[in-house]
Every structure is written in C-alpha cells, then in structure tokens.
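A quick note: this is a predicted structure, and the numbers were derived from the prediction, not measured.
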Amino acid sequence: MAEEILRTEHLNVGYGQHVVVNDVEIKAFAGQIQTLIGPNGAGKSTILKTLIRQIAPLSGKVYLRNADVYTLSEKQIAQQVSVVLTTRPNVELMTCRDIVCSGRYPFTGSLGILSAKDQEIVDESMELVRVSDLAEKDFNNISDGQRQRVMLARAICQQPRLLIMDEPTSFLDIKHKLDFLYLLGNLVKSRQIAVILSLHELEFAQRFSDTIYCVDNNVIDRAGSPEEIFQGDYIEKLYKVEHGTYNVLFGGIETGAVTGIPRVLVLGGGGQGIPVYRKLQRMGVPFAAGVLSESDVDYPVAKTLASAVVTVPAFAAVTPSSAEKAIELLDGCGKLICACESFGPQNEENKRILDYARSHNMLVEKESMENAFKRS
C-alpha cells in the first residue's frame, strides 16, 4: 500500500470565525495525485492555504507523515513540502536561476550557500521543466506561463515528499499544459511524490487524477476516483450548469440547443456528425439528428445540441421504423446534411434516408452550410 504523506482530521477552514469548508478529510499518498475541483469561491484555495500553514485552521488537524504540522518548524516543513500558488513572488533583480536556487535554501546553512550538489540539482530541475534557456533572464521580464514553469522547477528543486499546487496550469497554453501534466505525472510516479492540487480544467482532472475531491456548499461534497466522479450529470449539478451540459465522454462542455423547429436533418454517426452539429449550433440553426444508436459517440452531443434526435437502443441496428421517423422529420425540414462517408450493416437504413433526400433534391453539402442557411 502507498505511503500516506498527509492527512487531515475534522479540519474546518476559513477566515476569522467564518467557516468556508467544514470537516475536510483529505489523504495524500506517495505516487498519487489528489485533485480539488468545484465552483469558484467554494474554498479550494482556502483548503490548500490551510494545509501549508498560510492560514490557521479553525479546528481540526493536519498531519504530515504522522506529525502535526503545527509541531514542525518552517525548515522541517520546507524540507518535505513544495508549494506552487497562483500568486507570484514579489522579487527584484533575481534571475530565473536565482528563483530555482531558492528551492535549495531549506537544505543549506544560515548563509544560504549552495554546494556543488545543490547546483547540480538546480540544473537538473531546470532541464526537467525545460526552462534552462531562461536561466539568466530577469524573473520579472518573462511571461506568466514561463514564470509558472520556473516556479515548478523551484518546487522540484526542493525534492519534496509532498507538492501542493493551486491551479498550476492556469497561465499555460495548451502545449505547456500538456507538457506540464505529462511531466508531473512522470515525476509523481518516478519519485513517489504525493500531490494535492486544484484545477479548473475538468478534462485534466479527469485524466490525470488518482482521487478527486469535489468542494461545494461548505463541504467536500463527494470524493472518489475519476470514474466515480465523472458520471451521469453530477458535474453539471456540482457547477450548477444552467445552459448546456458537461460531456463526461469527451471531458468538455456543450452549449445548449438552438430552440425552434428543425430546419435540417443531419445524418451522423461514429463521431462524424459532431463537427456539423456544433457548426449548426454556432450558426443558430435548429436541427434534427438521426438515426443514432444510443451507444454511438455522436449521441450525447446530438442529445444536447439537436432540437430532435431519432434513436435506436444501444448497439442496435437502425430499423426501418426509425428510418421512417427520420424521413418524416426530413419532410418537415426540407434539407439533409450527410456527415457520413459510408454506411455499415448497423446503419444501412440511414442510406435509405440519404437516397430519399437525393431523390427529392433535399441534400445540402457540408461545405455549403453557410449559403444554405444564411437567410432566416
């Protein structure tokens, strides 16, 4: 079983006498990532700041490897815990290398002089995070994304047992978000670091976390594996989504359907219909979709964006009766867009719908959508 690095017991966090989150029970294990998610203002940052003693708990305990953190010195904590917060350090005339070097100070003497071994660890940390080329640049003269990577290098330089991060990917572009999380995942496993972080990017929380803690309504509303958290409509309830849905299959949001009588029927399936659905939604064109199996990858997006969807049960073939329902919708629309390049045995009946549209001059090519629907 993985080593327990941190745990909380009946922890109440907040400011003054105001409790923000009650009865916080979190455990962090070596080689695992624990992620806090939840709406803005729910208390994720307050929990993290309490874990690192930036604010005092209102009640309860925080244990670092079975020692009450309030019995440990700052140096003892710094030798075990690294922190990357959204706030930036206020520094003057410090290079990026100087910032990373400060991660070794908990291990130096009172003068803060780094040994040759310390310098080697600094070089290795900067190389790992790919910021070696920034070494001599002024920390205040680089981008937010570059600063975040330098701060990660500083955290790694401490060689921590526990890494705590508050929204670490917020200032990174997509390439560096993925690089960051890929690097983090490798470090967690190879060095057996325990990680507690907060994330707004739910798709990353879903893919990279071992355990997810959902913070809402002044409590940890739910905790579990990504498979347990990202199912059904729980994410929509957690974030109180009113317009659109969170698609747990794709790990992303879908905005709501354009209301109104469908103006076109879309033949999709196998993911081929999704770009068409989204484009019609952006254009403000109400549409119908089908015939789709409820196990088809297109189905959850069509269900969210289409005014009407003709379906068959999961893994079932398209039936003649379902095709007739789609043709009835097509007669009302007067237009059909076929997103499919071919039809397999399971959706052979959809080809009959396409043939019907061709014979009645109803077919609209995907490339001509803008022209076909430019007039209301």
Give the minimum heavy-atom separation between [X] and [Y], together with the two atoms involved.
X: Leu330; Y: Lys335; result: CD1-O, 3.2 Å
X: Tyr70; Y: Pro57; result: OH-CD, 3.0 Å
X: Gly31; Y: Val188; result: C-CG1, 3.2 Å
X: Gly43; Y: Val20; result: CA-CG1, 3.7 Å
X: Ile337; Y: Lys366; result: CG2-CG, 3.6 Å

Please check if the number of heavy atoms outside [X] that lie under 6.0 Å from its [atom1] is greater than 12.
X: Ile253; atom1: CD1; result: no
X: His10; atom1: NE2; result: no
X: Lys325; atom1: NZ; result: no
X: Glu324; atom1: CD; result: yes
X: Ile261; atom1: CD1; result: no
X: Asp68; atom1: CG; result: yes
X: Lys61; atom1: NZ; result: no
X: Arg278; atom1: CZ; result: yes

Closer than 3.5 angstrom, by distance alone: can the side chain of [X] be matched with the main-chain N or O of [Y] as a donor-acceptor pair?
X: Asn12; Y: Asp23; result: yes
X: Gln272; Y: Glu341; result: yes
X: Asn218; Y: Val21; result: no
X: His18; Y: Gly14; result: no
X: Glu203; Y: Gly252; result: no
X: Asp298; Y: Gly268; result: no
X: Ser368; Y: Val364; result: no
X: Glu236; Y: Val241; result: no
X: Asn347; Y: Val291; result: no
X: Asp296; Y: Gly270; result: yes

Are [X] and [Y] linked by a side-chain donor-acceptor pair shorter than 3.5 Å?
X: Gln34; Y: Thr211; result: yes
X: Asn66; Y: Arg7; result: yes
X: Ser293; Y: Gln346; result: no
X: Asp173; Y: His176; result: yes

Just verifying a value: how many Å separate [X] [atom1] and [Y] [atom2], rounded to the nearest 0.5 Å?
X: Glu294; Y: Thr311; atom1: CD; atom2: OG1; result: 4.0 Å
X: Leu152; Y: Arg130; atom1: CG; atom2: CZ; result: 11.5 Å
X: Ile156; Y: Glu124; atom1: CD1; atom2: CD; result: 9.0 Å
X: Ile33; Y: Ile212; atom1: CD1; atom2: CD1; result: 10.5 Å
X: Met151; Y: Cys96; atom1: CE; atom2: SG; result: 10.5 Å
X: Ile121; Y: Cys101; atom1: CD1; atom2: SG; result: 11.0 Å

request  = State whether Arg352 and Asp355 are salt-bridged, where the test is any N-O pair (Lys NZ or Arg NE/NH1/NH2 against Asp/Glu carboxylate O) under 4.0 Å.
outcome  =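 Between Asp355 and Arg352 there is no salt bridge, as every charged N stays at least 4.0 Å from the carboxylate O atoms.
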inquiry  = Please determine whether side-chain contact (heavy atoms from CB on, under 4.5 Å) holds for the pair Gln146 and Lys137, giving the CA-CA distance in whole Å, both sets of side-chain angles, and the decisive distance to 0.1 Å.
reply    = CA-CA 11 Å; Gln146 289 172 323; Lys137 291 185 179 295; 5.9 Å; no
request  = Go through the steps for Glu120 and Lys117 under the test salt bridge (Lys or Arg N to Asp or Glu O under 4.0 Å), then give the verdict.
outcome  = CA-CA 5 Å; Glu120 183 180 322; Lys117 180 62 177 177; 3.7 Å; yes
message = Test of understanding: clusters of I, L, V, M, F, W, Y form through side-chain heavy atoms closer than 4.5 Å, transitively. Do Phe180 and Ile142 belong to the same one?
response = yes
request  = Carefully, step by step, assess Glu74 and Arg53 under the rule salt bridge (Lys or Arg N to Asp or Glu O under 4.0 Å).
outcome  = CA-CA 9 Å; Glu74 293 289 344; Arg53 300 201 322 188; 3.0 Å; yes
side-chain contact (heavy atoms from CB on, under 4.5 Å) between Val195 and Asp210, intermediate numbers included = CA-CA 10 Å; Val195 173; Asp210 292 287; over 6 Å; no
request  = For a side-chain contact (heavy atoms from CB on, under 4.5 Å) with Leu163, tell me which candidate from Val81, Leu184, Ile5 qualifies.
outcome  =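 Of all the options given, the one that passes is Leu184.
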task = Could you walk me through whether Ile196 and Tyr213 pass the side-chain contact (heavy atoms from CB on, under 4.5 Å) test, one step at a time?
result = CA-CA 10 Å; Ile196 304 174; Tyr213 293 87; over 6 Å; no
Arg104: which of Asp118, Asp123, Asp98 passes salt bridge (Lys or Arg N to Asp or Glu O under 4.0 Å) =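 Testing Arg104 for a salt bridge (Lys or Arg N to Asp or Glu O under 4.0 Å) against Asp118, Asp123, Asp98 leaves exactly one candidate, Asp118.
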Verdict with supporting geometry, His200 and Thr169, side-chain contact (heavy atoms from CB on, under 4.5 Å) = CA-CA 9 Å; His200 278 307; Thr169 57; over 6 Å; no
inquiry  = Between Lys240 and Asp216, is the salt bridge (Lys or Arg N to Asp or Glu O under 4.0 Å) condition met? List the steps.
reply    = CA-CA 10 Å; Lys240 301 172 180 62; Asp216 191 31; 3.0 Å; yes
key: Partner set under side-chain contact (heavy atoms from CB on, under 4.5 Å) for Ala302, not counting sequence neighbours   = Tyr277, Ala289, Leu292, Val309
Face-on cation placement of Arg263 at Phe373 ring, 6.0 Å and 45° thresholds = no
